[in-house]
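Beneath this line is the structure, given in structure tokens, with notes to follow.
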Amino acid sequence: MASAEPAEPAKKTSRAGRNLPAAIGVGLLLGAAILVSLLTVRYLFIGIIAAAIAVGTYEFAQALQRAAKIRLALVPLLVGGQAMIWLAWPFGYRGALIAFALTVLACLLWRLPGGADGYLRDISASVFTAAYLPLFGAFAAMLVPPADGVGRVLAFLIGVVASDTGGYIAGVLKGKHPMAPSISPKKTWEGFSGSLVAGVVAGSLTMTLLLDGHVWQGVVFGIAIVLTATLGDLVESLMKRDLGIKDMGTLLPGHGGLMDRLDSLLPSAVVSFLLLSAFLN
């Protein structure tokens, strides 16, 4: 009788929890596209925001449909989302808020023919999506128009990337104490400490070197970005747990969906706009 073939050794799961080379490659490509837009015609960055919000909205709609049978008013959200982003350019937050209100009205009307079954559920999810993606994204677009808009956008992006990277490295190397085990088991207090250190350093440097700001403003900005980036990550983790899914999509190798990269950026855009407007105007 032929002897049984030896079983292949089980593959060890990386502590990173993802395909690290693919994640780095995708991150570098996205970063390069953003830098090219900012260093050539900075308003191209608004187009990148608009495209990202459209893709993220579609991914979110598909995830809700697959996992929970929630039907977003997708067409009004896509059209209204673009209106929020582009009207924020010439008209600021007033343009974004007017577009948001009109988008909500359009969602209410769009869902009417679907009947009463699940109407409140679908409309609630649609209004949440309109606020969470395009309205928050409009605050990133509002960073661009000022004369120092490139510096403001870079301060925002570098702050979020520093928070994510510092937390990731510290969490992988030293993470032992879960921060919110029922929401995101891999997020640790050690990782959060790494985020704080990296975020404060990044905030201090960008505020003084890229913008006409002070070190103390950079410290406040860095801490605020770390808090909002962490909040955004935890919120999306909780939404995915509620839906019973791992990722919102599969568009970006090593990252999941685009929504899985927007989670920390969206709430941070709001705080970045508010703080930079207060500090620099």
Side-chain angles (χ1 to χ4, degrees), residues 43-145 156 228 231-232 235-236 238-240 242-243 245 247-251 256-274 277:
Y43 290 101
L44 290 175
F45 181 66
I46 297 179
I48 292 178
I49 296 171
I53 291 300
V55 173
T57 300
Y58 180 79
E59 281 185 348
F60 194 45
Q62 293 299 304
L64 291 177
Q65 175 68 32
R66 287 194 310 268
K69 306 303 180 185
I70 296 174
R71 294 177 294 166
L72 294 185
L74 186 57
V75 172
L77 286 172
L78 290 174
V79 175
Q82 293 303 298
M84 288 182 228
I85 300 298
W86 291 107
L87 289 177
W89 173 4
F91 302 115
Y93 61 86
R94 291 181 180 85
L97 289 175
I98 290 171
F100 171 73
L102 292 175
T103 300
V104 172
L105 289 175
C107 289
L108 294 173
L109 291 171
W110 187 268
R111 182 58 181 79
L112 279 178
D117 186 23
Y119 181 82
L120 183 58
R121 174 200 64 194
D122 295 345
I123 287 300
S124 299
S126 295
V127 174
F128 169 77
T129 303
Y132 182 60
L133 279 106
L135 185 59
F136 280 14
F139 284 88
M142 287 188 285
L143 293 172
V144 178
F156 154 57
T228 52
L231 173 65
V235 165
E236 195 188 4
L238 195 56
M239 287 193 290
K240 289 189 288 188
D242 187 26
L243 295 173
I245 58 177
D247 294 314
M248 288 291 183
T250 58
L251 179 65
L258 187 59
M259 270 294 298
D260 298 293
R261 291 299 87 206
L262 293 175
D263 55 359
S264 55
L265 290 165
L266 290 168
S268 298
V270 179
V271 170
S272 293
F273 172 78
L274 294 175
S277 296

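For clarity, every value in this text was computed on a predicted model and none was experimentally measured.
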Report summary line: Result for side chain to side chain contact (heavy atoms under 4.5 Å, CB included) between Leu77 and one of Thr57, Ile53, Val127 points to Thr57

Is any side-chain heavy atom of [X] less than 4.5 Å from a side-chain heavy atom of [Y]?
{"X": "Leu72", "Y": "Leu78", "value": "no"}
{"X": "Leu108", "Y": "Tyr119", "value": "yes"}
{"X": "Leu133", "Y": "Leu266", "value": "yes"}
{"X": "Phe156", "Y": "Val271", "value": "no"}
{"X": "Leu97", "Y": "Leu135", "value": "yes"}

For [X] against [Y], the heavy-atom pair lying closest together:
{"X": "Ile245", "Y": "Ala67", "result": "CG2-CB, 4.1 Å"}
{"X": "Pro134", "Y": "Thr129", "result": "CD-O, 3.3 Å"}
{"X": "Leu87", "Y": "Ala99", "result": "CD1-CB, 4.0 Å"}
{"X": "Gly56", "Y": "Leu258", "result": "N-CD2, 4.3 Å"}
{"X": "Ile85", "Y": "Ala138", "result": "CD1-N, 3.5 Å"}
{"X": "Ala50", "Y": "Gln82", "result": "O-NE2, 3.0 Å"}

What's the separation between atom [atom1] in [X] and atom [atom2] in [Y], rounded to the nearest 0.5 Å?
{"X": "Cys107", "Y": "Leu102", "atom1": "SG", "atom2": "CG", "result": "11.0 Å"}
{"X": "Lys240", "Y": "Met259", "atom1": "NZ", "atom2": "CE", "result": "8.5 Å"}
{"X": "Asp263", "Y": "Met239", "atom1": "CG", "atom2": "CE", "result": "8.0 Å"}
{"X": "Arg71", "Y": "Arg111", "atom1": "CZ", "atom2": "CZ", "result": "4.0 Å"}
{"X": "Ile98", "Y": "Thr103", "atom1": "CD1", "atom2": "OG1", "result": "11.5 Å"}
{"X": "Ser268", "Y": "Leu262", "atom1": "OG", "atom2": "CG", "result": "11.5 Å"}

Query raised in the report: For Ala73, does its backbone N or O pair with a side-chain atom of Ser126 as donor and acceptor, under 3.5 Å?
Result: yes

Report task. Decide if atom OH of Tyr58 counts as having more than 12 heavy atoms of other residues, nucleotides or ligands within a radius under 6.0 Å. Result -> no

Under the rule for ring pair (Phe, Tyr, Trp, His ring centres under 6.0 Å), what residues qualify as partners of [X], not counting sequence neighbours?
{"X": "Trp89", "result": "Tyr43"}
{"X": "Phe139", "result": "Phe273"}
{"X": "Phe128", "result": "Tyr132"}

Report task. Apply side chain to side chain contact (heavy atoms under 4.5 Å, CB included) to the pair Leu243 and Leu64, showing each step before the final yes or no. Result -> CA-CA 7 Å; Leu243 295 173; Leu64 291 177; 3.8 Å; yes

